[in-house]
Amino acid sequence: MKLIRFGLPGAEKPGVVTDAGMFDVSAFGEDYGEKFFETDGLNRLAAWWSANGSNCPQVPADTRLGSAVQRPSKIVCIGLNYADHAKETNAQIPAEPIVFFKSTSSLVGPNDNVIIPRNSEKTDWEVELAVVIGKKASYVDEKDAMDYVAGYCLHNDYSERAFQLERGGQWVKGKSADSFAPLGPWMATKDEIADVDNLRLWLTVNGQKMQDGNTSNFIFKVPFLVHYLSQFMTLLPGDVISTGTPAGVGLGMNPQVYIKPGDVIELGIDGLGTSKQTAVAYK
């Protein structure tokens with residue numbers, strides 16, 4: 001299944017996407033949050049859809065989409081998980097995953113504006129595969145890790161590089177501004193993605209290709225990341241793991257290139273759709 005959330009910010013409703021379009025499943029009675037995933041919501045929704053899908057109203061194609069999942073308990077990000085990205089930023093290949101957090105208040109819809117933060121001069125882009133956790137995960141063995149994955153989303157891990165790298169402390173400061181985590185258009189369940197280790201992901205700025213990578217180049221693959229993170233924290237249903245970005249970020253260019261008001265950023269991943277954000281200045 002492909003799950004969407006649609007409607008005005010803060011009032012999103014649950015929906016699904018099929019070859020026939022987007023459909024409102026509000027009558028199912030649940031949003032796509034922690035309780036939904038924790039209580040076998042995907043299987044319950046699939047059964048409900050089989051029985052009731054023909055009666056669900058279609059959602060107009062131009063309807064705003066929200067974050068593909070309701071605000072999770074945490075967004076856990078992996079840094080430098082592609083060797084080419086580590087090289088372009090003059091960083092060593094990590095021996096273990098680099099882990100940082102992104103504030104859940106940065107979540108927005110896939111096509112909402114990206115707001116350049118106040119006093120920002122180095123707002124950057126990062127197309128990433130996001131993993132959504134399906135059930136509580138603590139001290140998970142790598143061989144069992146995929147049992148804890150509900151599905152996948154497209155994510156743009158926006159970053160303010162000066163806040164991240166030049167202001168001391170942890171990366172979270174450069175990652176957590178409002179609008180810095182557009183997630184979606186949809187969450188695809190695991191069965192929708194034949195090979196998570198062979199997905200093309202790309203990003204353009206004003207139509208110019210900046211990133212063009214493939215998850216086959218992961219340093220640390222999805223099962224290992226779920227296993228690894230679960231040694232340090234409990235992953236709750238609905239939590240998001242963002243798995244890192246390939247080469248082509250503005251930080252890695254010579255001279256460096258950063259987002260300015262009016263720029264249009266488009267991105268996509270095989271099987272996970274596309275999204276588009278327009279950059280606006282903070283007011």
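In what follows, every heavy atom counts, from backbone to side chain, and hydrogens, waters and symmetry copies are set aside. Nothing here was measured: the structure is a model prediction, and the numbers come from that model. For the single chain, residues carry numbers from 1 onward in sequence order.
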Trainee: Which residues pass the side chain to side chain donor-acceptor pair (under 3.5 Å) test with Gln92, sequence neighbours left out?
Mentor: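 For Gln92 there are no side chain to side chain donor-acceptor pair (under 3.5 Å) partners, ignoring immediate neighbours.
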Trainee: So which pairs with a foot in residues 237-259 pass side-chain hydrogen bond (donor to acceptor under 3.5 Å, both in side chains), sequence neighbours left out?
Mentor: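 Only Ser73-Asp239, Lys74-Asp239, Glu128-Ser242, His155-Ser242, Gln211-Thr245, Gln256-Tyr258 qualify under side-chain hydrogen bond (donor to acceptor under 3.5 Å, both in side chains).
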Trainee: In the hydrophobic clustering (ILVMFWY, side-chain contacts below 4.5 Å, transitive), which residues join Val280, or is it alone?
Mentor: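 Traced through the cluster, Val280 reaches Ile115, Tyr282.
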Trainee: Check the pair Thr215, Val196 against side-chain contact (heavy atoms from CB on, under 4.5 Å), reporting the backbone distance first and the verdict last.
Mentor: CA-CA 7 Å; Thr215 58; Val196 73; 5.6 Å; no
Trainee: Could you walk me through whether Val257 and Val205 pass side-chain contact (heavy atoms from CB on, under 4.5 Å), step by step?
Mentor: CA-CA 10 Å; Val257 177; Val205 179; over 6 Å; no
Trainee: Are more than 12 heavy atoms, taken from residues, nucleotides or ligands other than Lys87, located less than 6.0 Å from that residue's NZ atom?
Mentor: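 No, the 6.0 Å shell around NZ holds no more than 12 heavy atoms from other groups.
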Trainee: With distance as the sole test, does His227 use its side chain to make a donor-acceptor pair with the main-chain N or O of Val140 at under 3.5 Å?
Mentor: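 Confirmed, His227 side chain pairs with Val140 backbone.
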Trainee: So how far is it from Leu272 CG to Trp186 CH2, rounded to the nearest 0.5 Å?
Mentor: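 Those atoms lie 7.5 Å apart.
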Trainee: Does Gly109 offer a backbone N or O that forms a donor-acceptor pair with the side chain of Ser67 under 3.5 Å?
Mentor: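 No, because the side chain of Ser67 does not come within donor-acceptor range (under 3.5 Å) of the backbone of Gly109.
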Trainee: So, for Tyr82 and Gly244, which heavy atoms are closest and what is the spacing to 0.1 Å?
Mentor: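 Shortest heavy-atom separation between Tyr82 and Gly244 comes out as CE1-O, 3.4 Å.
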Trainee: Can you confirm whether more than 12 heavy atoms, excluding those of Gln58, are under 6.0 Å from its CD atom?
Mentor: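 Above 12, so yes.
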Trainee: List, by chain and number, the other hydrophobic cluster members for Val25, where Ile, Leu, Val, Met, Phe, Trp and Tyr join if side-chain heavy atoms come within less than 4.5 Å, directly or indirectly.
Mentor: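 Same cluster as Val25: Met1, Leu3, Val16, Phe23, Phe28, Tyr32, Phe36, Phe37, Leu42, Leu45, Trp48, Trp49, Val69, Ile75, Leu107, Val132, Leu183, Met187, Val240.
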Trainee: Rounded to the nearest 0.5 Å, how far apart are CG of Asn198 and CG of Asn217?
Mentor: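 Going from the CG atom of Asn198 to the CG atom of Asn217 covers 9.5 Å.
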Trainee: Does Glu34 offer a backbone N or O that forms a donor-acceptor pair with the side chain of Gln70 under 3.5 Å?
Mentor: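 Between the backbone of Glu34 and the side chain of Gln70 there is no qualifying donor-acceptor contact (under 3.5 Å).
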Trainee: Holding to side chain to side chain contact (heavy atoms under 4.5 Å, CB included), I want the full list of residues that pass it with Asp112, two or more places apart in sequence or in another chain.
Mentor: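 Side chain to side chain contact (heavy atoms under 4.5 Å, CB included) list for Asp112, sorted by chain: Arg64, Val108.
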Trainee: So, the side chain of Lys190 versus the backbone of Met146: is there a donor-acceptor pair under 3.5 Å, distance only?
Mentor: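 Yes, Lys190 side chain to Met146 backbone: donor-acceptor pair under 3.5 Å.
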Trainee: Between Lys260 and Asp263 (salt bridge meaning N to carboxylate O under 4.0 Å), is one present in this structure?
Mentor: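 Answer for the salt bridge query: yes.
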Trainee: What distance separates Leu203 CG from Ile265 CD1, expressed to the nearest 0.5 Å?
Mentor: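 Leu203 CG to Ile265 CD1: 7.5 Å, rounded to 0.5 Å.
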Trainee: Do Asp124 side-chain atoms and Glu160 backbone N/O form a donor-acceptor pair below 3.5 Å?
Mentor: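 Not at all, since once roles are kept as given, no pair shorter than 3.5 Å links the two residues.
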Trainee: If I take atom CD1 from residue Ile193 and atom CG from residue Asp270, how far apart are they, to the nearest 0.5 angstrom?
Mentor: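 Spacing of CD1 (Ile193) from CG (Asp270) equals 8.0 Å.
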Trainee: Would you check if Trp202 and Val127 make a side-chain contact, meaning some heavy-atom pair closer than 4.5 Å?
Mentor: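 No - every pair of side-chain heavy atoms lies 4.5 Å or more apart.
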Trainee: Under the 3.5 angstrom rule, does the side chain of Thr89 hit a backbone N or O of Ala86 as a donor-acceptor pair?
Mentor: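 Judged by distance alone, yes, a pair lies under 3.5 Å.
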Trainee: Within this structure, what is the CD1-CD1 distance for the pair Ile259 and Ile116, rounded to the nearest 0.5 Å?
Mentor: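 That separation rounds to 6.5 Å.
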Trainee: Test side-chain contact (heavy atoms from CB on, under 4.5 Å) on Glu30 and Lys35 and set out the steps.
Mentor: CA-CA 9 Å; Glu30 299 176 39; Lys35 184 176 180 181; 5.7 Å; no
Trainee: Keeping to residues at least two apart or across chains, list the side-chain hydrogen bond (donor to acceptor under 3.5 Å, both in side chains) pairs with something in residues 135-148.
Mentor: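 Listed once each, the pairs would be none.
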Trainee: With rounding to the nearest 0.5 Å, note down the distance linking NZ in Lys13 to CG in Asp24.
Mentor: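 Atom-to-atom, Lys13:NZ and Asp24:CG are 5.5 Å apart.
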